[in-house]
Structures are given as C-alpha cells and as structure tokens.
Protein chains: 2
Amino acid sequence: MLTKRQLLILKIIIDEFIDSAHPVGSRVISKKDGISLSAATIRNEMSDLEELGYLEKTHTSSGRIPSEKGYRYYVDHIIAPTIKSSNINIIKHVMQEGYFEVEQVVQKAAEVLSELTNYTAIILGPEIYDTKLKQIQLVPLSDHSAVSILVTDTGHVEHRSFSIPFDMKASDLEKMVNILNDRLAGVPILSLQEVIQDEVLHLMKRYVTDFERAYVYLSKVFSQDQPVKVYVGGKSNLLLQPEFRDVNKIHSFLSIMEDEQEIARLVQTSKEGIHVRIGQENDIDAIKDFSLITATYHVHGDQKGTIGLLGPTRMEYRKVITLLNAFSSEMTEALYLMYKDK
Amino acid sequence: MLTKRQLLILKIIIDEFIDSAHPVGSRVISKKDGISLSAATIRNEMSDLEELGYLEKTHTSSGRIPSEKGYRYYVDHIIAPTIKSSNINIIKHVMQEGYFEVEQVVQKAAEVLSELTNYTAIILGPEIYDTKLKQIQLVPLSDHSAVSILVTDTGHVEHRSFSIPFDMKASDLEKMVNILNDRLAGVPILSLQEVIQDEVLHLMKRYVTDFERAYVYLSKVFSQDQPVKVYVGGKSNLLLQPEFRDVNKIHSFLSIMEDEQEIARLVQTSKEGIHVRIGQENDIDAIKDFSLITATYHVHGDQKGTIGLLGPTRMEYRKVITLLNAFSSEMTEALYLMYKDK
DNA sequence: TGTTAGCACTCCTTACCCTTGAGTGCTAAT
DNA sequence: ATTAGCACTCAAGGGTAAGGAGTGCTAACA
C-alpha cells in the first residue's frame, strides 16, 4: 500500500509526463504547489516507487517516467474516484443536430472525439444481435439481373446485386420473394440462415420450379460479409504525438489501421462501461505500446456498440474517460431519440 | 532538341534515380552497359543537360537528379513510345473473380494496384452522369418513420431514413410514392430535382393532402450528399518511400488523404486515357512534390470512372503507366461483363 | 573538334571529442 | 525524518577533422 505522500508524488509525475512527454526529475516536483519537501526527499520517495514497480528510468541518471503498472495504479486508484460523467454542452449539441442516420451520428462522434483529444477515435457501429428483418425487396434491373434489398427494423439497409439464371421465370422469382417476406419478417438477422433452412426451403420447394438453383443465387443475399461497421476518426491526429518521431512506428501503426476487421477485434469487448487497456494489456501485439480506452453505448436498449480512443500509453486518461462517459450517454440518447417510435 | 547521346544519358540518370533515390554521378553512368564514354565526357553532357533545365544538383558538387522538366521529357519522349498495354494475366484473374458489386471490383483494384507498386491507389467510382432511376421504394418502420430507397438502373442503391409528420396519413404517403415512381422511373439521377419541380409537384398537390410539408421530408431523399465515391488503397505503402524520411511530410500527406472530397477533386480530370501530372503540374498545393498518374475506365459505355496512382515525383512511370493501362481495360471489361444484360 | 586524364576544389557525411546541464545516489549533518 | 552537499552518470549539442563522392576546368591527345 502506498503512503499518501507516495501517491501524491506518483500522481504529479504521471500528470507531468502526460503533459510533457519528458522524464520528470526531483527538482521539478519539489517546486510544485502543495509540495514542501526538498528534492532530496523526493528522490528517496521516487527510488522507493521505482522499486515497487510504479516508475522507470530511461537511463541511470534520468528522471522518472511511469511504468505500465504506474499507469494502471493511476487509472484505478488515483483518478477513478474523481471522475464524474460531465454533461458537456458541446457534445450534446453536436450529437443532436437532427441526424437521420445512425451512420451520421457515429461518424460525427468519431470526428469530434478525435478532434477533442488528438488521439484516434474508433467506433464500432451498433451490433446486429437484436435487429430484425423488416422487409425484403427485389428490384429487377433487366431480364437477367436484379438487386435485392434487406431492410431491418432499425432502418439499416443491406443490398446486393445478383444474376438471374436465364431460364428462370419472373413469376417464380416473385413467389420466392413473397414467401421470404411472409416468413422472414420479424426474424432476427442473425437467425435468417437458420430459419430459411428450417422453415422456408420446403415451402419454396412446393411452389417454385427449379428452386434449388434459384436458392444458390438468393443465398448470397443473406451472407453477412461485414459483421460490424468500423468508423475511424483522426488517424493522422495521433501521429502528432512525440511518440511517433520514429518513422517505422508510424508505418506499423498505419498498417494496422488499414485492416478494419483487425481494428474491430482490437476494440471489441464484452465488458459494459469504461474499459482501459494499457500497453501490454492489449490483445494485439502491434499496439502493445499504446493505450486503448473503450466505452459502450446502446441503441434501442439491446443493441450494443463500442466507442474507443487509441493513444500513447502516456494518455490523458482522466480527460479521455470523462469524454467517453459523456459521449457514450449522449450517443445512447441521440440514438434513442431517433428510434423512439420504431 | 536533344542529341541521341543526351537522350541516353538523361534516360540513364532518371532510371537510376527512380531506382535508388540518390543523386547520380558521372562515374556511375560511364560504367553502364552501352556507354563507352569516360566520366569526363559524361560530365560535359550533364552540364549541358542541366543548362537546358532537365537536370538539377542538390549542391555544388553533388551528382544530378532529374528536374520536373526532365521527368516530363522522360514521360513524353523517352518511355511513351515503348509502352504497350500488356494484358497481364494476374490482373485479369483478380478482376474477374466473380464479383457482384461494382464496389468490390473497384476496392479490390485499389488494393492490388497499391500492392503492385507501393504507391497509393486512388479510384473514383463510376460517375452518375448517365445512371437513371429504376425504382423508389418506401419501407415504413413505424408510424412515424420510414426508410426510402432509390435504386438506379446500374444496381446502385441509395437509402435514407426519415421521420413522418405525426398527422400524415399512410395512404397519402403511398400515393406520393406511387406518383414518384410513375413519373421518375427512367429519369437520370442528376435531373431528379428538376423533374420533380417541373412535373411532379403539381400532381402531388392535386392528390395529396398537405403535400407541401410532406415534400420537405421527402426532398431529403433526393439530395445527393456524395457526388463520387472514393476508394483508396495503400495509404501507408507510400510512406515506405525514402521521400518520407521527414515526419512533417508524412503528416501533411495523411491530412490530405483524410479528406475524401479533396482527393476526388485532385484526381478528377476531363481527359480520357492516361494523364500524367508531375509535381507542380498538380492543381493542389499539398501534393506539388508528388506525381499523379490517372487513367479512365468505363462502365456500360457512358459512365466514366478514374483510377490513379499517387507517388513521389521519382515514380516508376513506365511501370505505373503500363499497369494503369492494363487495369483500366480490365476494369472496363469486368464491369461490362457484370452489366452486359442490364 | 570531340574525347579524355588529371587535379584542385566543394560539400556532405560520419566520427569523435568536448562541454554543458539535468538528474541521480549516497553520505553526513540537522 | 529531512535536507544540503557532492561526486558521478548520461544525453544532447557544438565544433572539428577525416573521408569520400562528385564536379569543373585545363591541357593533352586522336
């Protein structure tokens, strides 16, 4: 257990390092307001804190920088109790500007979030666990091609073009769509394939000539190729941080950011609420010297989305956590208003 | 007019510099195959070429690097005659893997193109000049909200959610959509607004109660917010080039790449075929020390798209032009096959 | 007249040394 | 328990010297 004084010194060092990115020396601390100790005393305390694993040195005679354990302690015990979900007006304002699409809200949130922090914002669109099919539409484009359109009860639209076998009758196609609409409306998106197999295929067999081949074409419509949508804001913002003086680091970082599904895996979490992952705590090697803070938001009660900020381990934890808290609830509210009568 | 020997030397210097990114000295050239001149002679020629504006020095006693005028000459007179649109098999293979969406073809092309060159690929989706409206659909989600869906004759789908005024009758809404479909099917997307104003509004006035307010809501559906779709592949690839040793350059480059509409403006051109823009020739300041090579491709004869590669002025012009030629025709063919019966 | 060898000169790059300053750890005094 | 003092360490920056790549010019040569 740390003494009150060690705690204070640890806090000062981390705050200072977060601000300046330079190792913090004993003299700087001794001059701080609220500190009436000499540099020598501070040095002793710092030496103890290093032995306990909360601080590190970059070389023998350098000042101290926080270790990951230090950051962890800082997040869990020093700032956590002081954070309150502040309802910043700007955010409320931005989030409720009368958008009509989830996409817009989420994209805007990512941009604003990144701008406010200079870190990279990553937002996962609402998951589709609980969305249900509202309607299937089929728009013929020509004799041999058509677009199929799926609409969910949340207003999300998926579409896909496909070819129609040469000898297939238009009337059969129509029958298929009718059957599908009749049977599939209200079915959760994730169960579509299953319900089709169990309940719809035998019906189609009865009414539709040559249905097997037709189904091969239609089934493409139901294959989800993109499980979650990923929105990223301010990739280049993060590169302003002094941590990126090294060009190789920039490149490896950007390579990761090009793979959306990798990003999704990175951010995804089962936990509710705020989740802080510091350095090595991250699952993916490539960002083991970054910190990632995520929060969840909700649409319509059941659908969950994730909103996160990726920055250097030397991150403004307090600010980011406060912001994420605010965004999480504002987004939930904005999306609730959008769907309140659906 | 350059002598044959000057031409040869200019070509060697540019080829060498493209390859190594280092200034080229007279000795290196004198040792090349096909050169039986001493370094001193080469030096005289180089001096002349510099005076003519085709070469530059980085400092008084350095080797030569090509000037932009040099690159321009190289592109126009040295390599241009030797380029033939090679039908590389890999490209054909990649481009015709049985995609069903334009999006997929274009996105894939951007990725492959960047991978083959280590430059950044930028592709503008087919322009909508000539696409026509196929159908408008309205899917009600609840009493007070609905999704409207526009399908074009090329299978492109646009959609938008909107709220329904509380006191509006469902039957009125249906009437509106019927009128719209009846009158707008086959109308070019770009003329939609106009045709609505001229031909549709007075019809609606007759049949639909309180149509003015309804129209306010519906009109949102017809506003194009994204004129062209932009696909980018391999942003980070380009950063591997030695030109990016300077971190500031990286940052300014990435900032540009975040603004899709800026990119679109950058790449857009009215010219058909291959178009090479070297350094200062580019419209936008931010990339005045890059080169941009673009080619056009076609969908369905009339729609035009642009496909481009952005790299350092020290670009592998020959390779890129050959590749773009090949991709341009392969994409045109792949997209033609997709739509041949529409 | 075109080509070439030779040489002095320029400038970049790298290595090395030296100095400076920030910071530590330890000891002894308070 | 705290602090002043001091020796020590290391990074960063400036200055200089050596090495090397390359040029331009001159004079000789074919």
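Excluded from the calculations below are hydrogen atoms, water molecules and symmetry mates; all remaining heavy atoms, backbone and side chain alike, are included. Lettering of chains follows the sequences in order, A, B, ..., and the numbering in each one begins at 1.
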Nearest-angstrom distance from the residue atom [atom1] of [X] to [atom2] of [N]:
{"X": "Arg5(A)", "N": "dA1(D)", "atom1": "CZ", "atom2": "P", "result": "10 Å"}
{"X": "Arg43(B)", "N": "dA27(D)", "atom1": "CZ", "atom2": "P", "result": "16 Å"}
{"X": "Asn44(A)", "N": "dT3(D)", "atom1": "CG", "atom2": "C1'", "result": "10 Å"}
{"X": "Leu49(A)", "N": "dG25(C)", "atom1": "CG", "atom2": "P", "result": "12 Å"}
{"X": "Lys57(A)", "N": "dG23(C)", "atom1": "NZ", "atom2": "C1'", "result": "9 Å"}
{"X": "His59(A)", "N": "dC10(D)", "atom1": "NE2", "atom2": "P", "result": "8 Å"}
{"X": "Leu37(B)", "N": "dT1(C)", "atom1": "CG", "atom2": "P", "result": "19 Å"}
{"X": "Glu45(B)", "N": "dT3(C)", "atom1": "CD", "atom2": "P", "result": "7 Å"}

Contact list for DNA chain C against residues 239-247 of chain A - heavy-atom distance below 4.0 Å |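 Those residues whose heavy atoms fall under 4.0 Å from DNA chain C, taken from residues 239-247 of chain A, amount to none.
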Kindly state which residues belonging to residues 13-30 of chain B come within less than 4.0 angstrom of DNA chain C, counting heavy atoms of the residue only, listed by number.
->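 Going residue by residue through residues 13-30 of chain B, none turns out to have a heavy atom under 4.0 Å of DNA chain C.
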So does [X] pair up with [Y], basic N to acidic O under 4.0 Å?
{"X": "Glu45(A)", "Y": "Arg5(A)", "result": "yes"}
{"X": "Glu281(B)", "Y": "Arg72(B)", "result": "yes"}
{"X": "Glu243(B)", "Y": "Lys249(B)", "result": "no"}

Under the 3.5 angstrom rule, does the side chain of Ser26(A) hit a backbone N or O of Ile42(A) as a donor-acceptor pair?
->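 Not confirmed, Ser26(A) side chain does not pair with Ile42(A) backbone.
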Those residues that, when tested against Arg318(B), pass salt bridge (charged side-chain N to carboxylate O under 4.0 Å, His left out) (two or more places apart) =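 Partners of Arg318(B) by the salt bridge (charged side-chain N to carboxylate O under 4.0 Å, His left out) criterion come out as none, since no residue qualifies.
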Report yes or no: is there a donor-acceptor pair, N or O only, under 3.5 Å between the side chain of Ser38(A) and the base of dT3(D)?
->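 No.
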Side-chain donor or acceptor of Arg64(A) under 3.5 Å from a matching atom on the base of dG25(C)?
->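 Answer is no: no donor-acceptor pair is held.
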Candidates dG22(D), dT4(C), dT3(D) - which lies nearest the side chain of Ser61(B) =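 Closest of the options to the side chain of Ser61(B): dG22(D).
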Under-4.0 Å side-chain N/O to phosphate OP1/OP2 contact, Ser62(A) with dG23(C) |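 So the side-chain polar atoms of Ser62(A) never come under 4.0 Å of the phosphate oxygens OP1 or OP2 of dG23(C).
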Would a line drawn from the ring center of Tyr74(B) to the ring center of Tyr54(B) be shorter than 6.0 Å?
->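 No, the ring centres sit 6.0 Å or more apart.
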Which part of the nucleic acid, if any, lies within contact of Thr60(A), taking any heavy atom under 4.0 Å across all strands shown: a base, the sugar-phosphate backbone alone, or nothing?
->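 Sugar-phosphate contact only - Thr60(A) comes under 4.0 Å of backbone atoms but never of a base.
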Do Met315(B) and Ile18(B) have side-chain heavy atoms sitting under 4.5 Å apart?
->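 No; the side chains remain at least 4.5 Å from each other.
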How about Asp246(A) and Val247(B): do any of their side-chain heavy atoms sit closer than 4.5 Å?
->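 When only atoms from C-beta onward are counted, Val247(B) and Asp246(A) do not touch, as no gap falls below 4.5 Å.
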With distance as the sole criterion, is a donor-acceptor pair present between the side chains of Thr41(A) and Ser38(A) under 3.5 Å?
->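 The answer is yes; a qualifying pair exists.
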On DNA chain C, check which nucleotide each of Ala39(B) and Ser47(A) is closest to and give me the residue with the more 5' one.
->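 Of the two residues, Ala39(B) wins.
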